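Step one of this worksheet: look at the structure below.
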Amino acid sequence: MKPYDPSVIEKKWQQEWEEKNTFAASNDSDKPKYFALVEFPYPSGQGLHVGHPRSYTALDVIARKRRMQGYNVLYPMGWDAFGLPTENFAIKNHIHPEIVTRNNVARFKAQLQSLGLSFDWTREINTTDPAYYKWTQWIFLQLFKHGLAYKKEMAVNWCTGCKCVLANEEVVGGVCERCGGEVVHKVKSQWMLKITAYAQRLIDDLALVDYPERVKAQQINWIGRSEGAQLSFETTAGDPVLIYTTRPDTLFGATYMVVSPEHPLLAQWMEKGLLQNAAEIAAYQKLANQKSDFERTEVAKEKTGVRLCGVEAINPVNGEKIPIFTSDYVLTSYGTGAIMAVPAHDTRDWEFARKFGLPIVEVVKGGEVEKEAFTDCETGVMVNSGFLNGMTVEQAKQAIIRYLTEKGIGEKKVNYKLRDWVFSRQRYWGEPIPIVHCPHCGFVPVPEDQLPVRLPKVDSYEPTDNGESPLSQIEDWVNVPCPHCGAPAQRETDTMPQWAGSSWYFLRYTDPHDAQGFASRKALDYWLPVDWYNGGMEHTTLHLLYSRFWYKFLYDIGQVPTAEPYAKRTSHGMILGKGGEKMSKSRGNVVNPDDIVREFGADTLRVYEMFIGDFEKAAPWSTDSVRGSRRFLERVWALQDNVADGDAVRPALELAFHKTIRKVGEDVENLKFNTAIAALMALLNELTAAGSVTRGEYRILLKLLNPFAPHMTEELWETYGDNGAQLAYAPWPVFDQAKCVADTVEIAVQVNGKVKARVMIPNGADAPTAYAAARADEKIAALLAGGQLVKELYVPGKLINFVIKG
RNA sequence: GCGCCCGUGGCGGAACUGGCAGACGCGCCGGAUUUAGGAUCCGGUCCGAGAGGGUGCAGGUUCGAUCCCUGUCGGGCGCACCA
């Protein structure tokens, strides 16, 4: 036996796979199709992280198993290469981002190939390739033509670090999710995508797909649907104030109103001179405007606000005049930017009322509204509410909405927290937005035959401090004739966010070289939907939501065949540093997969990453434990010294083999890679104990192990295989359910629920036989003699329980 | 604050639908081999000498609870002044 040398074996097979395109998928095959997908990486300068292979190996195991099961498998890979780190690196080192990207991609690709992942490299894509982003731009134009892309002047999130606008989804805890920079509000004219038009369907269609519950819950939560009523309050100024509430039942308890500091009525009323304390209000507005998102969302913050002196509102159900305030606890961007305040039944209103000495009127009985707001909707009964008195909250909601509708004051209304997607970025390294601004024609789409709008080559692509894209500096690129009327016009100079290219990339894999469209209809019909998509939880309300939106739009305009893009989604846990903290350069606990491959081999790294723990949970890295995986492979390798003739499984090992085949198959499908490996280790232990394997037994072991350790098993298959095709396409072993059960089983014998003995009985023995066997045990007999038998239970194959008294 | 998830040996983690807790691996201990170390192989390894006791803690349901229920403590994640 040659010693196990992964550095030689792995190189050999990787070369073989590359030369022969072993894993190329066919768009024309009689086999059933299987589309396995992992999130394509951003090729950063740091190279691959040990977290990447966890996801990639998992679906590689699935892809390899599917090939052995006779599927035509598409398992593709590409590069999500637009984005800020590349641009920042380029700026710092004076290298063009295109070159930085090329270098990073080359490094990433070499690293991925060193792991033996069975990607179809003939379908490699790159979002920064003009032949690719042509279609990103094309999809944007379809959105524009269908009224789902629009430009609007509004207050947006501005990252002071990236000098760039951010989408709501990119602001985490008031700071930039990428750079951690402070986020402030800036009024800018921005391209927006109308994702809100799909809010309801993005919720409803989660019923059609197999996603983890936590993923569904997070998306539903983010979309934030609520049901209530929209209604207007008349004011003494004559202009009504429109409000949204989820508790219209508490209308009689509305003792004041609040409008957001940015509410347009404030400016109107000031202009008319209606507000006696205009200066005070203006000062408050200014203060609110200066606050960053972080300050605004700080928890446990004291309520602040200013009363609007000179204008009062009228409660539409009881005619009472109530004061109006402005406060930053009311958000401009949600609902109508104004609320009716019911301090007795809303925690925030309660706090505000307490601070400003406003009346708290109880309208739902059940709490102690002098002590705290009573927000329960289940148990209360309406009081102090005119015609609603005596109703439950639910009845009152319906009655009041009926009343408001009849009187023409208001109506039932559904609201979402989801906002439209801010789609402009003031940076260089992104897809140019293919729109021309014409002074006569307005926003004119670049004609489709002129796509792609290429990024111009420039010397300086630094972001500007004035909030303009660097592209705006390049006059001969910016100035073009209007495609519609020919008059001098200007290109849009903002670029798309990084999420643009990744919102449809999986479609391109089906037909990556198509020049006529983003993919041919035939290829899309054949491959979609993606059968299994694995990716990180951090993308749940970013990429995953965005790509569902784009896909649904493409479905609506007849471009793709199904309502949802991904039939099944799973999420892996993070790989943490040794102590359980996040891996980071500053902590110095980053493990480089290259080092592990060099020291132990790719197969060992793959097996270890699958064995490290529950796939869906975070797991700390342990290089010590990697050794265990290497030992396991060494022992499989060493088994070749003890291969005996024979294609059959020896009778004594039938049970072990059939059970292992079943277990490995089931575990892999259920994301239990760790226990699948454990089962293989247990089988190996049995084979080692048996002293030898037959050729047939060895083949089964190699097949089961192949998806995890493809190089080593393929190498052994050369000698011990069945002279047929490569192991990669050898048929996956099948098990016989009847052979998965033993002839005799050991069952536990309990007395009063405590295990006292174990006995062997024939499998499927009836109760009398089992009881007799148990009673035959000396210890059990003694215990039974010492008390009175009250009850006896027999769970076939498991245990017997004697319940005795005394 | 609201919603969700998780607490099992020294460590990572197993345990079908309520039925023998600790599979598998790491580490550790002992032995073999070795000049030595490393590597490898064999044996042991929840605690306890034993009866017995053990799945964060306190209760409950049950013949039987890591699993179901109530309360509590600890950790994590998501959303977060969303009316």
Side-chain angles (χ1 to χ4, degrees), chain A residues 172-174 212-226 228 243-248 250 254 257-258 260 296-301 303 327-331 333-342 345-349 351-352 375 415-419 537-538 540-541 573 578 580 607-608 611-614 616-629 631-632 634-635 638 666 672 674-685 688 746-758 790-804:
Chain A
V172 176
E213 278 312 311
R214 58 183 174 150
V215 170
K216 289 189 181 182
Q218 206 175 310
Q219 289 207 343
I220 289 168
N221 200 326
W222 182 260
I223 295 167
R225 182 185 200 272
S226 70
I243 65 108
Y244 172 73
T245 178
T246 55
R247 293 295 304 276
T250 62
M257 296 188 80
V258 188
S260 72
R296 270 207 177 195
T297 57
E298 240 178 330
V299 283
K301 195 183 61 174
K303 296 272 180 294
S327 169
D328 65 1
Y329 87 88
V330 172
L331 308 175
S333 50
Y334 183 77
T336 62
I339 61 158
M340 67 173 197
V342 185
H345 305 291
D346 180 282
T347 315
R348 295 148 304 179
D349 297 346
E351 282 169 26
F352 191 88
T375 56
N415 244 319
Y416 301 92
K417 290 193 223 173
L418 185 71
R419 313 290 152 75
M537 277 305 284
E538 70 276 15
T540 301
T541 54
K578 199 171 176 175
V607 168
Y608 174 66
F611 187 58
I612 191 169
D614 185 333
E616 296 185 273
K617 287 193 200 139
W621 182 269
S622 159
T623 302
D624 275 343
S625 296
V626 175
R627 254 169 251 288
S629 299
R631 254 175 233 154
F632 166 57
E634 294 263 15
R635 291 177 57 211
E666 284 174 359
K672 305 264 181 210
N674 52 339
T675 50
I677 303 265
L680 288 169
M681 289 173 167
L683 177 65
L684 175 65
N685 289 345
T688 307
E746 187 186 71
I747 64 165
V749 184
Q750 299 183 333
V751 175
N752 291 342
K754 303 280 180 207
V755 178
K756 297 293 179 186
R758 294 166 220 279
V790 183
K791 193 173 180 179
E792 50 188 6
L793 285 113
Y794 171 50
V795 183
K798 304 281 184 195
L799 54 68
I800 284 169
N801 189 11
F802 293 113
V803 184
I804 61 173

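Quantities reported herein were computed from a predicted structural model and do not represent experimental measurements. Letters A, B, ... are given to chains in the order of the sequence lines, protein chains preceding strands, and every chain is numbered from 1.
Comparing B:A14 with B:C24, their C1' atoms are spaced 8 Å from each other, to the whole Å. Between B:A83 and B:C77, the two P atoms lie 25 Å apart (nearest whole Å). The same atom, P, is picked in B:U45 and in B:A51; the two are 15 Å apart, to the nearest Å. Between B:G38 and B:G54, the distance separating the two C1' atoms is 39 Å to the nearest Å. Comparing the same atom, C1', in B:C63 and in B:A58 gives a spacing of 24 Å after rounding to whole Å. When the C1' atom is compared between B:C26 and B:G13, the two are found 11 Å apart, to the nearest whole Å. B:C68 and B:C2 are spaced 23 Å apart, taking the P atom of each and rounding to whole Å.
With distances taken from any side-chain atom of A:Thr688 to the nucleotides B:C79, B:C42, B:A83, the minimum falls on B:C42. Taking the side chain of A:Lys754 as heavy atoms from C-beta on, and the options B:G13, B:A83, B:G53, the nearest nucleotide is B:G53. Of all nucleotides listed (B:C63, B:A14, B:A83), B:C63 comes nearest to the side chain of A:Val803. Taking only side-chain atoms of A:Ile339, from C-beta outward, the nucleotide of B:G19, B:G13, B:A83 with the closest atom is B:A83. Nearest to the side-chain atoms of A:Asn221 among the listed nucleotides B:C79, B:C26, B:A83 stands B:C79. Distances were taken from every side-chain heavy atom of A:Thr246 (C-beta onward) to each of B:C26, B:A83, B:C79; the shortest belongs to B:A83. Of the candidate nucleotides B:G19, B:C79, B:G13, B:G19 has the atom nearest to the side chain of A:Lys798. When distances are taken from the side chain of A:Tyr244 to each of B:G19, B:G25, B:A83, the shortest belongs to B:A83. The side chain of A:Val330 approaches B:A83 more closely than any other nucleotide in the set B:A83, B:C24, B:A21. Nearest to the side chain of A:Asp614, among B:A14, B:A21, B:C24, sits B:A14.
In this entry B:C2 has B:G78 as its Watson-Crick or G-U wobble partner, both defining distances falling under 3.5 Å. Nucleotide B:C41 forms a Watson-Crick or G-U wobble pair with B:G31, both donor-acceptor distances falling under 3.5 Å. Searching all strands for a Watson-Crick or G-U wobble partner of B:G9 with both distances below 3.5 Å returns nothing. Taking a pair to require two hydrogen-bonding distances under 3.5 Å in either a Watson-Crick or a G-U wobble arrangement, B:G22 remains unpaired. Nucleotide B:G48: unpaired (no Watson-Crick or G-U wobble partner with both distances less than 3.5 Å). Pairing for B:A14 is absent, judged as Watson-Crick or G-U wobble with the two contacts each under 3.5 Å.
Proximity of A:Arg631 to the phosphate of B:G27: a side-chain N or O atom is located under 4.0 Å from OP1 or OP2. Phosphate proximity of B:A83 to A:Ser226: present, with a side-chain N or O under 4.0 Å from OP1 or OP2. Applying the 4.0 Å criterion to OP1 and OP2 of B:G25, one finds that A:Asn674 has every side-chain N and O outside that range. Within the 4.0 Å cut-off from OP1 or OP2 of B:A83, at least one side-chain nitrogen or oxygen of A:Tyr334 is found. When the side-chain nitrogen and oxygen atoms of A:Lys617 are compared with OP1 and OP2 of B:G75, none of them lie within a distance under 4.0 Å.
One can place CG of A:Leu331 at 14 Å from C1' of B:C79, the figure rounded to the nearest angstrom. In this structure, A:Leu793 places its CG atom 10 Å from P of B:G64, rounding to the nearest Å. Whole-Å rounding puts the A:Lys578 NZ to B:G27 C1' distance at 11 Å.
Syn is the classification of B:G9, since its glycosidic angle stays within 90° of 0.
Within the cation-pi definition used here (under 6.0 Å to the ring centroid, within 45° of the axis), A:Lys303 does not qualify as a partner of A:Phe352.
A:Ala341 comes within contact range of no nucleotide atom at all, as no heavy-atom separation falls under 4.0 Å. When heavy atoms are screened at a 4.0 angstrom cut-off, A:Asp349 is found touching no nucleic acid atom at all. Using a 4.0 Å heavy-atom criterion, one finds that A:Glu213 contacts no nucleic acid atom at all. Nucleic acid contact class of A:Asn801 (heavy atoms, under 4.0 Å, all strands): base.
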Between the protein and nucleotides 65-68 of chain B, list the N/O to N/O atom pairs that are separated by less than 3.5 angstrom.
none

